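Counting from 1, the numbers follow the sequence of the chain as shown. All values derive from a computational prediction rather than experimental measurement. Just so it is clear, the values below take in all heavy atoms, side chains as well, and ignore hydrogens, waters and symmetry mates.
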Amino acid sequence: MNKEELTDWALKNGWQLIGADLCLMKPSNPKDAIVKLVLKGTVVNLEIKKPIGKWEKISSVPYGKITPDAETGFPRGLGLETMNNFSMLMEDNKNRMVFAKMMKKSE
């Protein structure tokens, strides 16, 4: 996957673009990022925010080693597939964005 494909996938699946990074927000505090993808020129860094507030790099992978799952399009190779509760966090973020859009339309 290239940078554009990864960005498109992320934005369709609950990630938010904050600055230059793709972020997933905390369920308990939707203004606070907890997971982020830092898209660099040749690599993608996956970082997780520790309880003390410091970001920890979990993986750094070249775009060429990230492949979309044939059935779901989920990017393989970043280590996201091994994170416990990651799909629930992504779904929570996606649902929050959908409901926020619905609320704006009804106002």
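Under the 4.5 Å side-chain heavy-atom criterion for grouping Ile, Leu, Val, Met, Phe, Trp and Tyr, L11 is not connected to V38 through any hydrophobic cluster. Under a hydrophobic-cluster definition in which Ile, Leu, Val, Met, Phe, Trp and Tyr are linked whenever side-chain heavy atoms come within less than 4.5 Å, directly or via other members, V43 and M1 are assigned to different clusters.
To the nearest 0.5 Å, atoms CG (D92) and CG (N85) are separated by 11.5 Å. Atoms CG and CG, from L22 and L6 in turn, are 6.5 Å apart once rounded to the nearest 0.5 Å. To the nearest 0.5 Å, atoms CD1 (I48) and CH2 (W55) are separated by 8.5 Å. With rounding to the nearest 0.5 angstrom, the CD1 atom of I34 is 7.5 Å from the OG atom of S28. In this structure, CG in L17 is found 12.0 Å from NZ in K36, a value given to the nearest 0.5 Å. With values rounded to the nearest 0.5 angstrom, R96 atom CZ is found 7.5 Å from M25 atom CE.
A salt bridge is defined here as a Lys NZ or Arg NE, NH1 or NH2 lying under 4.0 Å from an Asp or Glu carboxylate O, and E47 with K57 fails to meet this definition.
Shown here for G79 and L46, the closest heavy-atom pair between the two residues is C-CD2, 4.5 Å. Residues N45 and S60 approach most closely at OD1-OG, 2.7 Å, considering heavy atoms. The heavy-atom pair separating Y63 from N2 by the smallest distance is CD2-C, 3.8 Å. The minimum heavy-atom distance linking P68 with G73 is given by the pair CB-O, 3.8 Å. Residue V61 comes nearest to G77 through the heavy atom pair CG2-O, 3.3 Å, listed as atom of the first residue, atom of the second, then distance.
Distance alone, capped at 3.5 Å, is enough to place a donor-acceptor pair between the D69 side chain and the E71 backbone. Remark: side-chain polar atoms of S59 are paired, donor with acceptor, to backbone N or O of L78 under 3.5 angstrom.
In this structure the side chain of N13 never reaches within 4.5 angstrom of the side chain of E91, judged on heavy atoms. Using a 4.5 Å heavy-atom threshold, the side chains of I66 and V44 count as touching.
The aromatic rings of F74 and F86 sit perpendicular, their planes meeting at an angle over 60°, well past the 30° parallel limit.
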